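A short write-up of the structure that comes next.
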There are 2 protein chains.
Amino acid sequence: MARFTAKYEIESPIGIGRAAEVLAGEQSSGTFVRLAAETDELRERSRARVERVDVLNISEQPSLPTRRRGSQYERGIVTVSWPVATIGNSLPNLLATIAGNLFELAEISAIRLLDVDLPREFVEACPGPKFGVTGTRRLAGVEEGLMVGTIIKPSVGFSPDDTAALVKQLAEADIDFIKDDELQANGPNCPLEDRAREVMRVLNDHQEKTGKKVMYAFNITDEVEEMWRHAETIQSLGGSCLMVSLHSVGLAGMRALRDHCDLPLHGHRNGWGLYSRSPDIGISYVAWQKLWRLAGADHLHVNGLGNKFTESDSVVAESARAVQAPVCEDGPTYAAMPVYSSGQTAWQIAPSRDILGSDDFIFCAGGGIMSHPSGPAAGVTALRQAAMAAREGINVEEFAKSHRELSEALERFEKPTLTKT
Amino acid sequence: MARFTAKYEIESPIGIGRAAEVLAGEQSSGTFVRLAAETDELRERSRARVERVDVLNISEQPSLPTRRRGSQYERGIVTVSWPVATIGNSLPNLLATIAGNLFELAEISAIRLLDVDLPREFVEACPGPKFGVTGTRRLAGVEEGLMVGTIIKPSVGFSPDDTAALVKQLAEADIDFIKDDELQANGPNCPLEDRAREVMRVLNDHQEKTGKKVMYAFNITDEVEEMWRHAETIQSLGGSCLMVSLHSVGLAGMRALRDHCDLPLHGHRNGWGLYSRSPDIGISYVAWQKLWRLAGADHLHVNGLGNKFTESDSVVAESARAVQAPVCEDGPTYAAMPVYSSGQTAWQIAPSRDILGSDDFIFCAGGGIMSHPSGPAAGVTALRQAAMAAREGINVEEFAKSHRELSEALERFEKPTLTKT
């Protein structure tokens, strides 16, 4: 019988092996009193199983406040497995099982979900991204090379007309991809339908003139049926991408979009810090992003190298690779398009490309384009020059000597100190 | 112009006042470079505003790993406000604003969202619970007194027939409320429709015989359209309650249920430890539960006093009160039914009631009913006796002297050490 497994880093006052048994009990047939009805055969059929325990270290203090105390706290990696037959091929119920009532167990003084391994039958029963890399390239008309993207900034405050005016400028700067900010959805200050109409008028005009359809990710985050309506509107106006805040719509909301909309879904992970920020509680992006790809996300944010937030470059690299790695060993790949963003400039292009070993990514720069000394068009050109240098394996500063826009960009934006990933 | 506010506990190497300004900037018009298009007038119209800053203490080390270091780390409470006109009355977008890209700010070394205050217009635009306390009592036929509930245990492993047999026993024990475990949804081992048919046959029979319709919360957690189908099935079989795992279905999923189903929605908060466990990162239940009530949750889990997890009794008390407090100052109350559970026995009834000052709650005991030495019927009776004692203000041990089932329960289950709440 097929099983799925989850890997956790845990810390415990009772030893991580015993703590893993508590977790497995709690997340399958357990309660604090063994019940009469709970036969051995029933336990065998349905129970979660501890598959592996690797101790890493011991400390004298618990990492998180905990009711249960011990003389020492053991930390390490444990793997637990469950029979698929218990939950069926249901993604929402997978979440309740691998990330349910376990973060607050008294026997655990730190816990992070590191990864989840799913059997092929489960993965195949989930639809996965409808567009992924290939579909995105096709709709954006970018056959090769990375996709240069940007975010409409300021995040909020622009009217639909202001937005369209900026979009016109960016389209003329030959950008590939533009996205709404996650704070800009459908408020009375800038209603989605008005914004979409004005923006698509500009982009459709631009396409008529140049043949290029810039991809714009409209933030349709909302209630399910509103999102369906928004998606129809966008599609009828000729739009080619829909963006949602993942945590706002939930796994079930994402899947409902996947099933009803026929455009790439751009997944914005705002709120991610809640899962990632602490070394002692949370979920790794390696695990988390699998669930969103299974639910249908085509693009997934992965932060950026040398970002303005707190994630290290190695975590950014791991995240970017993760969204393109096969979602399970012997099944469909379901690769999503990684989206680098947050304080990105021409400096980060080569190392971002090196992480993936390909150009299959969206590189979003806000200030990194808009604040180029010779204007946004030069900003986009500088990024394309950096991309060309990266593809040809030429050092960006070397390449800049013969490319003015790139040279200006490197001068304008501070060189970030990146960690080798 | 109406504004909403969020209160955070934060810690920062640059002082919490300046950190709050960074947060307000990031969560409204800010980027790392001030853009030409960002006029003063535009900022004024759309910008988040720091309303209040209260320093609590200073420490020498950051609570969370952070890129930005300082000589000291100031900690305290800050309040930030936003204009509603930016997001409109949209709950999913409220979440992206108050709990979006702020947990990972480099200028912040700890952050918890403590509360959110919403203007009446926002609250009124959200539907709120369709049933709440009154509707639940009506459907369960429990006019007064607390509702004695239980969870089907073992969590998983039972067939539909096994489940129905246990339900029969519990109904005959005169229970008010039974719920599926959050791990039991619609897997091949115990398909929802089969389970519902068998369980409702028992409960409908019981109703014919006794006039009492025991409320059973079927776990319909799944994709949106599957949940709609499940809900129809449950309703057509005469069921009276639907349960979902909140984090699995998301705010948008909950609202989609609220809009399409005509039964109380029982909100299970598994995974809650991820938000609550660390003092340095997370969201308080005071803030979190408001969002779920606005989306339509009728019942909300609040853990239990002396629970087997890690939440303190004071947090449990605060959570239980929170779900019944008005969701905003001058608008609809939208009270939900608090659900106490986790290691609950007759010992916890009086203090649980004291927290609320009323009987408007569901008290769920698993082992606390099933493991009663004289069987489940005596287990339920013991809880009713404890409830009666609490209502009459009589000490439970005193009351037990003249009530055998209660006396046996107090002897069987260890007296928990509770903290005064």
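Remember, predicted model here, so these are calculated numbers, not experimental data. Per chain, numbering begins at 1; letters A, B, ... match sequence-line order.
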Give, as side chain, backbone, both or neither, the part of [X] having an atom under 4.5 angstrom from any heavy atom of chain B.
{"X": "A:Asp280", "value": "neither"}
{"X": "A:Leu102", "value": "neither"}
{"X": "A:Asn307", "value": "both"}
{"X": "A:Ser312", "value": "backbone"}
{"X": "A:His260", "value": "side chain"}
{"X": "A:Glu225", "value": "side chain"}
{"X": "A:Thr221", "value": "both"}
{"X": "A:Glu311", "value": "backbone"}
{"X": "A:Ala99", "value": "backbone"}

Exercise. Which residues satisfy the salt bridge (Lys or Arg N to Asp or Glu O under 4.0 Å) test with B:Asp259, sequence neighbours excluded?
Worked result: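 With neighbours one apart ignored, the set is B:Arg255.
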Minimum heavy-atom separation for [X] to [Y], with atom names?
{"X": "B:Ala106", "Y": "A:Lys308", "result": "CB-O, 3.5 Å"}
{"X": "B:Asn101", "Y": "A:Glu182", "result": "ND2-OE2, 3.4 Å"}
{"X": "B:Leu183", "Y": "A:Glu26", "result": "CD1-O, 3.7 Å"}
{"X": "A:Ser46", "Y": "B:Val156", "result": "OG-O, 3.4 Å"}
{"X": "A:Asp222", "Y": "B:Ser90", "result": "OD1-OG, 3.7 Å"}

Exercise. What's the spacing between B:Arg258 CZ and A:Glu223 CD if we round to 0.5 Å?
Worked result: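 Rounded to the nearest 0.5 Å, the CZ-CD separation comes to 11.0 Å.
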For this session: Calculate, to the nearest 0.5 Å, the distance between atoms CG and CD1 belonging to B:Asn189 and A:Ile87 respectively.
Result: 11.0 Å
Exercise. For the side chain of A:Ser248 and the backbone of B:Leu95, is there at least one donor-acceptor N/O pair under 3.5 Å apart?
Worked result: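 Not confirmed, A:Ser248 side chain does not pair with B:Leu95 backbone.
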Exercise. Would you say the side-chain atoms of B:Ser155 pair up with the backbone N or O of A:Ser28, donor to acceptor, closer than 3.5 Å?
Worked result: yes
Taking C-beta and beyond as the side chain, do [X] and [Y] meet within less than 4.5 Å on heavy atoms?
{"X": "A:Asn186", "Y": "B:Asn93", "value": "no"}
{"X": "A:Leu274", "Y": "B:Ile281", "value": "yes"}
{"X": "A:Pro279", "Y": "B:Pro65", "value": "yes"}
{"X": "B:Tyr275", "Y": "A:Tyr275", "value": "yes"}

For this session: Please indicate whether B:Glu414 has more than 12 foreign heavy atoms, meaning atoms of other residues, nucleotides or ligands, lying under 6.0 Å from its CD.
Result: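 Atom CD in B:Glu414 is not packed in, count stays at 12 or less.
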Flag the one option from [options] with the top tally of heavy-atom pairs under 4.5 Å to chain B.
{"options": "A:Pro191, A:Pro188, A:Gly250", "value": "A:Pro188"}
{"options": "A:Ser63, A:Ala96, A:Ser245, A:Pro83", "value": "A:Ala96"}
{"options": "A:Thr66, A:Leu105, A:Thr97, A:Leu251", "value": "A:Leu105"}
{"options": "A:Leu91, A:Ile108, A:Ile151, A:Ile111", "value": "A:Ile108"}
{"options": "A:Gly253, A:Gly187, A:Pro92", "value": "A:Pro92"}

